[in-house]
S.K.: 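Below are the structure tokens for one structure; questions will follow.
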Amino acid sequence: MEEYRRIADRVEAAVRDGRLKPGDRLPPQRVFARRHAIANSTAIRVYGELARRGIVVGEVGRGTFVRAAPPLPGPALAEATGAAPVDLQLNYPVFEGQSELMARALAALARPDVLAEAVTRPAAATGTPQAREAAAAVLARPGWAPDPDGVLFAGNGRQAIAAALSALVPPGGRLGVEALTYPLVKAVAERLGIRLVPLALDADGVRPEALAAAHRAAPLAAVYLQPTLHNPLSTVTGEARRSALAELLRQLDLTAVEDTTWAFLVPDAPAPLAAHAPERVLLVDSLSKRLAPGLTVGYLVVPGRLRAAVAEALRSGAWTAGGLALAAATRWTGDGTVAEAVAAKRADTAARHALVRRRLAGHAVRTSPYAYYCWWELPAPWRAETFTAAAAARAGVAVTPGGAFAVGPGTAPDAIRVGLASPPRAVLDGALERLAALAEEGRNGASGRGRISLAPKILDM
């Protein structure tokens, strides 16, 4: 193994066993090189390797810091979770009585004849006619319903996104994305060799002129958009902007991947972009947030011209849905389980937003009353990575720094995403209270015993 990797391994081990803490600052590279008796060029490679692994983050003019929650080894398409006792990174909503509600349908699947059909043969990307009809019913919105024949199935929403991007964008190709986007898309793009092109946003979502300019600069292969409850900003794009984007897709001969994973929470949401340009939009969704991630399916509503390519991407990537999950999803749709779960989660978001209004009053928080997350622009002098580290180490709360969503160098905002879905409400209330107190300590410049120091420690290593 090359020397810089061995040294990077030692630094990573120090982070894993706690000798280096989140928010700790590494020495300047020239000092590091002198202490380890290595060349400056080797030290540069060590720091680059640590950044690639997600162990450290560099801030221009300030130095290199241990990240708040270095990722554990795991599948590339899995969301990282924080090490703090209260995890507001992971964001899967669960309501009281949900397991009992889902169990009713699962009991009906335990018959031998049903299991024989569901588990003894692989499920096709096209599923079954009954599954396609059920999926079309789940995805239908006022003013729009997908053609059941256009529905394909993935194991979950992440795999649906991966299959869509794999089918649309060749390695080295350019994908337009919102300047702040779902972090999984960044991970998938890296694995597939796709180059992300950030598109400027305003209060109504992606600006059409930004999309047109990016395509003129060098052709885009596709665009990934979240028009309803954008993650992390909670933006809901209006009808006029959707119409303008649909027309622009036609003019530029572009296909959009529309992610509607969270859209079910908005009872009066505008019709999806797919309703405005069905021949130009590939819609992806899943049951993970409506129900639960442990037994779920991903949905793709695919224009006819792309159906064969997307189906092949699902098969070759091993991203098709399992037969048992597909059977369960079909039954949960038909017996009202999904509709009941959606109603419960809409009510739950309202209760959780009452906690946000109470605990984070006076702070710059962007959200929608229907969203299970909020975007918190931190008060000066906090920086996102420093606050995230302090939140985990001092407040016992894991949050996601803004840089996880930013596309392109130098664009990381001093903001965090706070996931509201996963902990019980009482636990969430206490976590929000502690985060607010932490933010106030920084804003007031508090330091000393029992306080948060804004000057990170420089490590002697």
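Side chains are part of it too, since the values below use all heavy atoms of this structure and drop only hydrogens, waters and symmetry mates.
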S.K.: Once salt bridge (Lys or Arg N to Asp or Glu O under 4.0 Å) is applied, what residue pairs with a partner in residues 244-258 remain, sequence neighbours excluded?
M.R.: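 Output for this query lists E247-R250, R250-E279, D253-R280.
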
S.K.: Does G298 offer a backbone N or O that forms a donor-acceptor pair with the side chain of S286 under 3.5 Å?
M.R.: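 Not a single qualifying donor-acceptor pair exists.
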
S.K.: Can you name the residues that form a side chain to side chain donor-acceptor pair (under 3.5 Å) with H353, not counting sequence neighbours?
M.R.: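 If we apply the side chain to side chain donor-acceptor pair (under 3.5 Å) test to H353, skipping adjacent residues, there are no hits.
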
S.K.: With R141, which residues qualify under salt bridge (charged side-chain N to carboxylate O under 4.0 Å, His left out), at least two apart?
M.R.: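 With neighbours one apart ignored, the set is D285.
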
S.K.: My understanding is that only residues two or more places apart in sequence, or in another chain, count here; which of them pass ring-ring contact (aromatic ring centres under 6.0 Å, His included) with W376?
M.R.: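 Expected list: H363, F387.
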
S.K.: Side chains of T228 and T260: donor-acceptor distance under 3.5 Å anywhere?
M.R.: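 No, T260 and T228 have no side-chain donor paired with an acceptor closer than 3.5 Å.
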
S.K.: I'd like to check the salt bridge (charged side-chain N to carboxylate O under 4.0 Å, His left out) partners of E312; sequence neighbours left out, ordered by chain and number.
M.R.: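 Partners of E312 by the salt bridge (charged side-chain N to carboxylate O under 4.0 Å, His left out) criterion, ordered by chain and then number, come out as R315.
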
S.K.: Applying side-chain contact (heavy atoms from CB on, under 4.5 Å), name anything that partners A164, two or more places apart in sequence or on another chain.
M.R.: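 A164 satisfies side-chain contact (heavy atoms from CB on, under 4.5 Å) with V257, L282, V284, L300 only.
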
S.K.: If you round to the nearest 0.5 Å, how far is OG1 of T181 from NZ of K186?
M.R.: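 Separation between the atoms: 8.5 Å.
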
S.K.: Determine the minimum heavy-atom distance between P413 and G403, stating which atoms define it.
M.R.: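 Shortest heavy-atom contact: CD-N, 4.4 Å.
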
S.K.: Listed by chain and number, what are the ring-ring contact (aromatic ring centres under 6.0 Å, His included) partners of Y47, not counting sequence neighbours?
M.R.: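 Here the qualifying residues are F32.
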
S.K.: Side-chain donor-acceptor pair under 3.5 Å between R417 and N91, yes or no?
M.R.: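 The answer is no; no qualifying pair exists.
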
S.K.: Carefully, step by step, assess V15 and K21 under the rule side chain to side chain contact (heavy atoms under 4.5 Å, CB included).
M.R.: CA-CA 6 Å; V15 173; K21 302 278 192 298; over 6 Å; no

S.K.: Can you give each donor-acceptor pair under 3.5 Å made by side-chain atoms of residues 216-223, sequence neighbours left out, with the distance rounded to 0.1 Å?
M.R.:
none

S.K.: I need the minimum non-hydrogen distance between L420 and L428, along with the two atoms involved.
M.R.: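 Minimum heavy-atom contact is O-CD2, 3.6 Å.
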
S.K.: Go through the structure and list residues passing side chain to side chain donor-acceptor pair (under 3.5 Å) with R207, not counting sequence neighbours.
M.R.: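 By the side chain to side chain donor-acceptor pair (under 3.5 Å) rule, R207 matches E209.
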
S.K.: For the backbone of A203 and the side chain of T235, can you confirm whether one donor and one acceptor N or O come within less than 3.5 Å of each other?
M.R.: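 Between the backbone of A203 and the side chain of T235 there is no qualifying donor-acceptor contact (under 3.5 Å).
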
S.K.: Show the nearest heavy-atom pair for residues A210 and L199, with the distance to one decimal.
M.R.: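 In terms of heavy atoms, the two residues are closest at O-CD2, 4.0 Å.
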
S.K.: Answer yes or no: are there more than 12 heavy-atom neighbours, outside E190 itself, under 6.0 Å from its atom CD?
M.R.: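 Open: at most 12 neighbouring heavy atoms sit under 6.0 Å from CD of E190.
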
S.K.: Given P423, which partner from the list D429, V94, V397, L88 fulfils the side chain to side chain contact (heavy atoms under 4.5 Å, CB included) test?
M.R.: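 The passing option is L88.
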
S.K.: Can you name the ring-ring contact (aromatic ring centres under 6.0 Å, His included) partners of Y224, sequence neighbours left out?
M.R.: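 If we apply the ring-ring contact (aromatic ring centres under 6.0 Å, His included) test to Y224, skipping adjacent residues, there are no hits.
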
S.K.: Are the side chains of S368 and L229 in contact, using a 4.5 Å heavy-atom criterion?
M.R.: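 Yes, side chains in contact.
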
S.K.: Can you name the nearest heavy-atom pair linking A311 to L152, along with the distance?
M.R.: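 Result for this residue pair: N-CD1, 3.8 Å.
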
S.K.: Applying salt bridge (charged side-chain N to carboxylate O under 4.0 Å, His left out), name anything that partners R425, two or more places apart in sequence or on another chain.
M.R.: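 D348.
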
S.K.: With sequence neighbours excluded, what pairs up with P267 under the side-chain contact (heavy atoms from CB on, under 4.5 Å) test?
M.R.: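 Testing P267 for side-chain contact (heavy atoms from CB on, under 4.5 Å), a comparison that skips the adjacent residues, returns R346, Y370.
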
